[in-house]
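Here is the structure we will look at, set down as structure tokens.
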Amino acid sequence: MAVIKKFKAVKISQNHLLGIQDLSFSEISHILDEAKTFIKLNRSSSKKTDVLRGKTQINLFFEPSTRTQSSFELAGKRLGADVMSMNIVNSAIKKGETLIDTAMTLNAMHPDVIVVRHQDSGAPNLLSQKVNCSVINAGDGRREHPTQALLDALTIINRKGKVEGLKIAICGDILHSRVARSNIYLMNMLGAEINVVAPKTLLPHSVERLGVNVFTDMKRGLDNCDIIMMLRLQNERMQGSFLPSAREYYEYFGLTPDKMVMAKKNALIMHPGPMNRGVEIDTNLADDINKSVIREQVELGVAVRMACLKIYCKKT
Ligand code: CP
């Protein structure tokens, strides 16, 4: 059965996957349907296909990553591509080479796709204008993390059967979070109602214009929700003081059992990772197999990245 709705002969209009905002509903549906076909393969004993045999994938991560980088690497290898993950620490970037010069150098080696994570918003867009291959955004600054939002949607659909009509609370550091932005765009497009919950200091200016309900009280924000997405405090993007203390933050905005009761009985807990236990989430709730789908998000992330590589790699 189709994940959302079956669309015939969907064409992805862009050569690059730079953000959810560039995608139409039918393109999103196509990516999620494609991803669903890889879930079974990834659970089987033989996980390899040759869909991307002969293709070259370069992973270029300027910021630390566990989940995104490893799943893109596994995804490419399971599709049969030749995958090279640049070791930025030992690269010429440390000698002052710019992002564009690095990209042009790699472009000369004829990759078919470059997967890039960068601390600057818009860096993947800039890169995409300089290279001949497809570029997939693996997270840029505060702007977008499209494959994270897609894997979150797939996880919700896998558990709840749909996104449309669900009430989703996105809680924590909304201001600095590319995951929040991509999810707000995507879940809105798929027909969810979205609450964002954060202290005033961690809410972007005029966030309600993104089509969300805004709460600064966690219990009110979680009321009757189907999905609770917790976010990490992005300390690396904070200049100055946004919070009195981590302890106080946990008391008011950490997901704890007494706040969780406000959500629906069968509400699911999500977190893109990495988690800070005891800061934004109670450690027992994070590990509660009846409520938390955090591990499933990681699992389905590989399937989503396989779908994206298959679709975008073939476009070059
Ligand atoms: N969710 C996410 O982007 O995690 P990593 O930073 O480990 O890739």
Side-chain angles (χ1 to χ4, degrees), residues 17-20 31-32 35 42 57-78 83-89 113-124 135-156 158 168-187 196 202 227-238 255 268-277 279-281 286-287 292-309:
L17 176 55
L18 301 174
I20 295 296
I31 295 170
L32 294 177
N42 286 337
Q57 171 190 336
I58 296 179
N59 297 332
L60 198 50
F61 279 65
F62 292 85
E63 275 191 339
S65 169
T66 297
R67 283 145 284 268
T68 314
Q69 183 166 355
S70 56
S71 62
F72 264 115
E73 185 160 341
L74 270 183
K77 286 177 175 169
R78 286 181 185 175
V83 184
M84 191 272 280
S85 292
M86 277 279 295
N87 184 345
I88 299 288
V89 177
V113 62
I114 295 179
V115 179
V116 63
R117 168 170 288 191
H118 201 278
Q119 61 277 11
D120 294 338
S121 301
V135 173
I136 297 180
N137 180 4
D140 63 324
R142 303 177 183 191
R143 201 184 72 91
E144 280 239 33
H145 194 349
T147 58
Q148 178 68 46
L150 288 163
L151 76 87
D152 290 340
L154 188 63
T155 307
I156 293 171
N158 213 33
I168 300 175
I170 307 179
C171 312
D173 185 358
I174 311 288
L175 180 65
H176 301 101
S177 175
R178 53 197 176 210
V179 174
R181 255 168 213 78
S182 287
N183 264 308
I184 290 170
Y185 299 141
L186 182 58
M187 301 307 162
V196 294
L202 293 178
I227 305 290
I228 305 170
M229 282 188 189
M230 298 307 300
L231 299 172
R232 180 177 67 87
L233 288 173
Q234 309 261 304
N235 290 311
E236 70 275 24
R237 294 187 219 291
M238 293 185 194
L255 184 63
L268 299 176
I269 300 169
M270 302 179 75
H271 195 306
M275 266 187 290
N276 288 130
R277 293 168 186 263
V279 178
E280 71 265 6
I281 189 164
D287 295 331
S292 170
V293 291
I294 296 168
R295 301 280 171 265
E296 193 169 315
Q297 288 174 268
V298 176
E299 181 198 1
L300 300 192
V302 181
V304 161
R305 282 151 187 151
M306 287 170 86
C308 293
L309 287 169

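Numbering of residues begins at 1 and proceeds along the displayed sequence. Atoms within a ligand are numbered from 1 in the order they appear, just like the ligands themselves.
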Can a donor-acceptor pair be found, under 3.5 Å and without considering hydrogens, that links the side chain of [X] to the backbone of [Y]?
X      : Y      : value
Asn276 : Val279 : no
Arg181 : Leu175 : yes
Arg117 : Asp140 : no
Asn137 : Leu18  : yes
Glu144 : Gly139 : no

For this session: Calculate, to the nearest 0.5 Å, the distance between atoms CG and NE2 belonging to Leu186 and His145 respectively.
Result: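 These two atoms lie 13.0 Å from each other.
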
For this session: Considering the heavy atoms of Gly273, write down every atom of ligand 1 situated less than 4.0 Å from one of them.
Result: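 In order of number, 1 (N), 2 (C), 4 (O).
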
Problem set entry | For Thr66, the ligand 1 atoms whose distance to one of its heavy atoms is below 4.0 Å |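 What qualifies from ligand 1 is 5 (P), 7 (O), 8 (O).
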
Problem set entry | Sub-4.0 Å heavy-atom contact, Gly139 with ligand 1 |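 In this structure, Gly139 fails to qualify as a contact of ligand 1 - no heavy atom is under 4.0 Å.
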
Exercise. Who's the nearest protein heavy-atom neighbour of atom 4 (O) of ligand 1, and how far?
Worked result: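 Protein heavy atom at minimum distance: Arg67 NE, 3.1 Å.
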
For this session: Tell me which protein heavy atom sits closest to atom 2 (C) of ligand 1, plus the residue, atom name and distance to 0.1 Å.
Result: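 Heavy-atom neighbour on the protein nearest atom 2 (C) of ligand 1: Thr68 OG1, 3.5 Å.
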
For this session: Between Arg117 and ligand 1, find which residue part has any heavy-atom pair under 4.0 Å and reply side chain, backbone, both or neither.
Result: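 It is the side chain that touches ligand 1; the backbone stays farther off.
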
For this session: From atom 8 (O) of ligand 1, work out which of Ser65, Pro274, Pro272 has a heavy atom at the shortest distance.
Result: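 It is Ser65 that holds the nearest heavy atom.
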
